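None of these values were measured; they are calculated from a predicted model. Each residue takes its place number in the sequence, starting with 1.
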Amino acid sequence: YLLYIALFVLLLNFINTNGVYILDNVMDRAAVEAVETDAAGGMDKGDYLPIFFADFYKYQNLFAMFLQLFLVSRIFKWFGVRVAIFFLPLIAIGGYVWISFGAYFLLVNWVKVVENGTDYSLMNTTRHSLFLITTREEKYKAQAVTKTFFHRAGDVLHGLLVLCGTTFLAFKLENYAMVNVALALIWICVGVFIFKQHKALSAARQ
C-alpha cells in the first residue's frame, strides 16, 4: 500500500513537471511572438514574460482556493478518498490529449491552471488522507520517504525525458504531451491498486 502511494506521487510529479516544461516553452514562444508583432506594447521578452506568469499563477491560485473552500469536502463526503484519487489523473489525461493535437498557448495555459489547482487542493488533501489508516510509524517514515526520494525521482525522470527528447528523439511539445497521457494511464492503474488496498486495510481495521 505504501509503495503504491509512493509510485503514485512519483508519477504525479513526473507528469506535473513535464507539463511545466510544456507550459514554459509555450509561454516563451508566445512572448517572442508578442514582441515581434508589437503586441507587447514596446516591452522586450524579459519584461513581457512575467505578465504571462502573473496571470497564470493568479488564476491557478484562485481555482485552487475555490476547490478547497467549496468542493474538496463535498467530494470526500459524496465519493470518499478512494474515488478522489482519480480526479487529477482523469483531468491530466483529458488535458494532455488535447495538447497532443496542438500545444497552443491558451489551451496549455488553462490545462495547467486546472491541473495545478486540483493538485494543490484536492490531490494534496487526498495524499495526506491516504496515510490516515496506517500506523504511526508507517505514517511518518513513509511520508518522509515519499516526499523526498519519490517526489524528487519524478523530477529526475523528467530531466532524463527532456535529455532524450531533445538529444535523440527530436521531440516536439506535442510529443511530451503524449508521454503524459501514457503516464497518466499508468497513474490510474496505480490508483486502482491503492483503491483496493485502502478498502482492504480499512475493513481490517474496523
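- Each of Leu132 and Leu2 belongs to its own hydrophobic cluster when Ile, Leu, Val, Met, Phe, Trp and Tyr are linked at side-chain heavy-atom distances under 4.5 angstrom.
- To the nearest 0.5 Å, atom OG1 of residue Thr118 and atom CD of residue Gln60 are 10.0 Å apart.
- Separation of atoms OG1 (Thr125) and CD (Gln68) is listed at 4.0 Å; rounding is to 0.5 Å.
- Residues Leu130 and Trp78 fall within the same hydrophobic cluster, defined by Ile, Leu, Val, Met, Phe, Trp and Tyr side chains chained together at heavy-atom separations under 4.5 Å.
- For the pair Lys45 (side chain) and Val32 (backbone), a donor-acceptor distance under 3.5 Å is absent.
- Side-chain atoms of Thr167 do not come within 3.5 Å of backbone N or O of Cys164 as any donor-acceptor pair.
- The same ILVMFWY cluster, assembled from side-chain heavy atoms under 4.5 Å apart, contains both Phe70 and Leu62.
- Taking the side chain as every heavy atom from C-beta outward, Trp98 and Val111 never approach each other to under 4.5 Å.
- The CG atom of Asn16 sits 11.0 Å away from atom CE of Met123, with the distance rounded to the nearest 0.5 Å.
- The minimum heavy-atom distance linking Arg82 with His198 is given by the pair NH1-ND1, 3.0 Å.
- The hydrophobic clustering, which links ILVMFWY residues whose side-chain heavy atoms are closer than 4.5 Å, places Phe149 and Leu10 together.
- With a 4.5 Å cut-off on side-chain heavy atoms, Met27 and Val108 do not count as touching.
- Side-chain contact between Ile5 and Phe150: absent, with no pair of heavy atoms (C-beta onward) separated by less than 4.5 Å.
- Within a 6.0 Å radius of CD in Glu138, more than 12 heavy atoms belonging to other residues, nucleotides or ligands are found.
- Contact record, Phe63 with Gly117: CD2-CA, 3.8 Å, taken as the closest heavy-atom pair.
- His151 and Asn13 make their closest contact through O-ND2, 2.6 Å (heavy atoms, listed as atom of the first residue, atom of the second, distance).
- At a threshold of 4.5 Å between side-chain heavy atoms, the hydrophobic network of Ile, Leu, Val, Met, Phe, Trp and Tyr places Val20 and Phe105 in two separate groups.
- Side-chain contact between Tyr96 and Ile22: present, with at least one pair of heavy atoms (C-beta onward) separated by less than 4.5 Å.
- Considering only heavy atoms from C-beta on, Phe8 stays 4.5 Å or farther from Thr146 through its side chain.
- Within a 6.0 Å sphere centred on OH of Tyr104, other residues, nucleotides and ligands contribute 12 heavy atoms or fewer.
- Below 30°, between 30° and 60°, or above 60°: for Tyr59 and Trp110 the angle between ring planes is between 30° and 60°, a tilted geometry.
- Across all their heavy atoms, Gln197 and Tyr1 have their closest contact at CB-CD1, 3.5 Å.
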* To do: Test Phe101 against Leu107 for side chain to side chain contact (heavy atoms under 4.5 Å, CB included), laying out the working first.
  => CA-CA 11 Å; Phe101 289 106; Leu107 175 61; over 6 Å; no

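- Two residues are said to be in side-chain contact when any heavy atoms from C-beta on lie closer than 4.5 Å; Arg29 and Leu173 meet this criterion.
- Taking every heavy atom of both residues into account, Ala184 and Ala92 meet most closely at CB-CB, 4.4 Å.
- Between atom CG of residue Asp155 and atom OG1 of residue Thr17 there is a gap of 4.0 Å, rounded to the nearest 0.5 Å.
- Nearest heavy atom pair, residue Leu11 against residue Trp187, reads CD1-CA, 3.7 Å.
- Leu161 contributes atom CG, which lies 9.0 Å from atom OG1 of Thr166 (distance to the nearest 0.5 angstrom).
- Ion pairing of Arg127 with Asp119 is present here, as a side-chain N (NZ or NE/NH1/NH2) and a carboxylate O approach within less than 4.0 Å.
- A donor-acceptor pair under 3.5 Å is absent between the side-chain atoms of Lys172 and the main chain of Gly102, judged by distance alone.
- The ring pair (Phe, Tyr, Trp, His ring centres under 6.0 Å) with Tyr21 is formed by just one residue from the set Phe14, Phe171, Tyr176; it is Tyr176.
- In this structure, the separation between CD on Glu115 and CG on Leu12 is 8.0 Å, given to the nearest 0.5 Å.
- Ring pair Tyr57/Phe53 is parallel by interplanar angle, where below 30° counts as parallel and above 60° as perpendicular.
- Two residues are said to be in side-chain contact when any heavy atoms from C-beta on lie closer than 4.5 Å; Ile188 and Ile93 meet this criterion.
- Residues Ile85 and Ile194 meet the side-chain proximity criterion, which asks for heavy atoms closer than 4.5 Å.
- Ring planes of Tyr4 and Phe193: parallel class, angle under 30° (limits at 30 and 60°).
- Although no hydrogens or angles enter the test, the distance criterion places no donor-acceptor pair under 3.5 Å between the side chain of Asn18 and the main chain of His158.
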